[in-house]
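Here is the naming used below: chain letters follow the sequence lines, and residue numbers restart at 1 for every chain.
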Amino acid sequence: MTIVISPFVFGLIVLPFLHKIKLRFHKWVGIVPLVLFLTILKYKSSIINGNIVSEAYQWVPSFDVSLSFRLDGLSFIFALIITGIGFLVVIYSKKYMHSESAISRYFSYILLFMSSMLGVVLSNNLISLFVFWELTSISSYLLIGFWFYKEKSRYGAWKALLITAGGGLAMLAGFILMYTVTGSFEISQILSQKELIKSSPFYLTILVLTLIGSFTKSAQFPFHVWLPDAMEAPTPVSAYLHSATMVKAGIYLLARLNPVLGGSSYWFYMVTFTGILTMCYGSIMAIRQRDLKALLAFSTISQLGLITSLLGVSTETAVIGAVFHIINHAAFKGSLFMVTGIIDHEAGTRNLDELGGLGRKMPFTAVVALIGALAMAGIPPLNGFISKELFFEAVLVDGWAGYVLPALAVFGSIFTFIYSMIFVISPFLGTYKPKEKTVHEAPWGLLLSPMILGVTNLALGIYPKLVADIISKGAANILGKYVDAHLSLWHGFNVPLLMSLIVISFGCLLFSRLNYVKHIIEKIQMKKINLNKLYDLFQTGIPKFAGFITEKQMTGFLRDYLVYILSFVFLSVGLTSLFFMELSIPNLNLERIDVYEYVVAAIMVVSSIFLLFTRKRLIAILILGVIGYMVSLFFVLEKAPDLALTQLIVETITLVLFLIAFPHLPEITEENSKRSTKIINAAVSILTGLTVTFLMVYSKAYKIYESVSSYYIDNSLLLGGGKNIVNVILVDFRGFDTMGEITVLGIAAFSVYALIKLRLGGRKYE
Amino acid sequence: MNSLILKTVATPVLYLIVSFSVYVFFRGHNNPGGGFIAGLLTAGAFVLQYLSFDSKTVKSNFSLNWKKLIPVGLILALGSGLGGMILGYPFLSHSFGCFYLPLIGELELATAIIFDLGVYFVVLGTALTIISVIGGKD
Amino acid sequence: MEFLMALVVGVFFAVSIYFMLSKKLLKVVFGTLLISHAANLMLLTSGGLKGEKAPILSDGSTLSYADPIPQALILTAIVIGFGVTAFILVLTCRLYKTFATDDLSILRGEANEK
């Protein structure tokens, strides 16, 4: 709890406050993630022993929503990545953003994000997970749009928010279905009821909805379109949110719910193939990018696809590979983004066409880039090689997928190799191209973080046992059984090694023919439907459509509103009940009607119809009076003395009211409506009348629930101390309602008073 | 309207109806009647005044500001509810509480009547505000 | 009896809605007045008609009571209906006095007015 809340407190309260009193705390803001990192690391031995740290606070107990947190192997890995990379990013940002005046705001957002992301991975309750999930979307929105004065920033921020929050809603629906099946929002309880969910008829719906949430967040095809536009964010943000952490929230969800949702063939085909297609698509698209950050964005999409497909396969090897690759990707992609930031910072551009030959000017940066890119390409002795080997080993499944998956995996990896090479060769080797002549090595403030990550890459590659135990725990949490990960650089001569060799050799071959490859990709690309266009169409089309509907509906003319509402009532209530109810005529009890009841009813009907045709105001008012008195007579017949009295007096006073106001009333004049309008009016009113009659007859025939009246009849004297049940209900049982009603009455009286006595701004008409 | 008979009868009838409405008001808990009906009855009596005389005469005869009855009634009704709250019962609970203690059952009846009196005043005030305002327009 | 009332209420609804769809404000006032009658009758009918005696407790009688809940609802509805009627009546007078028309399509203003 403290872990999740503290960046929140620092970000939202302390930083803005200190900024106000001119204390430059943001220089020391790195302390927050560092302390958190160490605090979490402290739990390591306890986690490895299989313990689970948990903590819970009530939130909305009636809906089983609580703020409960749980630290197990999987959460531990994610929490370390979030705080660790967070620390490095904060150090890096301090130098990178030093000229930015709103730097306090920037760090507030970063800390807000850190809090929410920790919340996502530590939550043990689906609803609080959802809340934190959406908070990450919001902080991502704020950070992408950090330079809000740029049109493209706003576009990217809005797009990311719409897509990820939209997916979040689908996910919420999935969560609620899960709740209806298992009766709990607590993840640990849901995980213990996996059979219940798998055998439930909602299984497929839950799976699809949850996957939509996860795929939008993790930028899987076809929801990936927001990620390239999110690159408008400051580069450290891209390194942090859009490669290392936030986009992995979707992966985290897949991993977390794997024991419940995974293991079926639906899961296998949907997740694995979405992942592997995304991987191929992302790596191909990355090659044709000219902007270094765009290249990295598509590479991120591709790498996330790789992890997703591993979770889809979800064998032991696959899951170990996935967890290891989550760590590796955070490390090497983080460093590569930071390198991009350095290049942008020093050379003033990220465009590959304007970059080249930087290697001699900035050797350290080049080395870090080289390490990162080799890790990404999967070259030994780096960590990426090990996870890629695991990936190749995992996709060798049985059945026809065992041929398709490895082929696609090798295909995608070849392009991964190529764009990795582009990243390291184009900017750093070759002739010196930048316009800026005074390019020099980056300051230590910028270099430190990527260098730490580079060293991590090397260390994890050469000595993967460093993290083997914790990966085993993470994988065990995903699979729900004991796992022992054996990670080593050298696996012996086997199929995965062969596949790696194919990738490297084909990669080198194609890289030497790079322009030809790009040409072919461009050609294929031209024929594809453009997903971005589709998004833009949605974005402009929906408001237009809404505007059109509003224009049609909100005409400002009472008649139109009523026609819409009543037609809907007729269609929904009248027609559906006609279609779906048994049309047996209920017992009408006609013989129980007395003669005078016929008379009262007949007078009411005749006078109301007469009212339709009268042209004189006075006669209309008198007819209304007749109807009112008939109604009160009817109340007498129906044993409602209170009503009859009230109706009698109200009718009299209303009549007097009409007569007093008579001289000021307009004449009833002929209407100049169109004939078609009149016909529609008549049709709508008759159909509504019929619907009402129909409903009344049938509501009499179908009594589903017991009437509550007997409660009042039995308790009126006992609890209310009165014999007149109606009065007791009014002043006692439902006293609150009556209170509201007399308030409304008072308001009506004052409104009338105001209308007549006050002349606010209406003077000019008189 | 300038009917002599009406003018002569209106005032005695006013007192008749008002006293009848008080009767109706008090029997309301056990018989047909209560705040709503009594309020409307009293209002009806005054409407007769407005019909018989012009509004200036009515105003000089009864120097009552009808509008003020509405807030007075609302406060009465609200107060009867708050009274229960002070004793620790939910808002507007006249009955509960008291019926566990049969000895003060009469007290309970009194609080419900205060509420009903509030209703009476609001209904009376509303009806007469509207009528007097419209009637006094010209 | 319920069937008969269903017919009456249906006619009331049809007539009052036809009035409310009219362009003339006065007719809309008539429509609202009538529709509140219709709603009251509908409420009372839905509670079941033909109760054998008024809902006032008396000892030793075996006759069935008329349903008190619709009656309580209707009682306040009648009084509120009075307030609403008075209000829209005065509103009509005032609109008519100020704009010299009670045609809603004219009172609505220009088509392009937002």
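Separating the CD1 atom in B:Ile131 from the CD1 atom in A:Ile660 is a distance of 4.5 Å, to the nearest 0.5 Å. Between the OG1 atom of A:Thr652 and the CG atom of B:Leu40 there is a distance of 9.5 Å, given to the nearest 0.5 Å. Between atom CG of residue A:Leu755 and atom CD1 of residue B:Ile130 there is a gap of 10.5 Å, rounded to the nearest 0.5 Å.
Enclosure of atom CZ in A:Phe610 is not indicated, since only 12 or fewer non-hydrogen atoms of other residues, nucleotides or ligands lie within 6.0 angstrom. A 6.0 Å sphere centred on CZ of A:Phe662 holds more than 12 heavy atoms belonging to other residues, nucleotides or ligands.
Contact detail for B:Val122 and A:Ile742: the closest heavy-atom pair is CG1-O, 3.3 Å. Scanning all heavy atoms of the two residues, the minimum distance from A:Ile653 to B:Ala43 falls at CD1-CB, 4.1 Å. Closest heavy-atom contact between B:Phe115 and A:Leu730: CE2-O, 4.0 Å. Considering all non-hydrogen atoms of both residues, B:Ile37 and A:Ile649 come closest at O-CD1, 3.9 Å.
For the options B:Val47, B:Leu74, B:Leu69, B:Val24, heavy-atom pairs under 4.5 Å to chain A are most numerous at B:Leu74.
The contact between B:Val119 and chain A is made by backbone and side chain atoms together, counting heavy-atom distances below 4.5 Å. Using a 4.5 Å cut-off between heavy atoms, B:Thr126 touches chain A through backbone and side chain atoms alike.
Looking only at side-chain heavy atoms (C-beta outward), B:Asp116 and A:Asn727 come within less than 4.5 Å of each other. In this structure, the side chains of B:Tyr50 and A:Val656 stay at 4.5 Å or more apart for every pair of heavy atoms.
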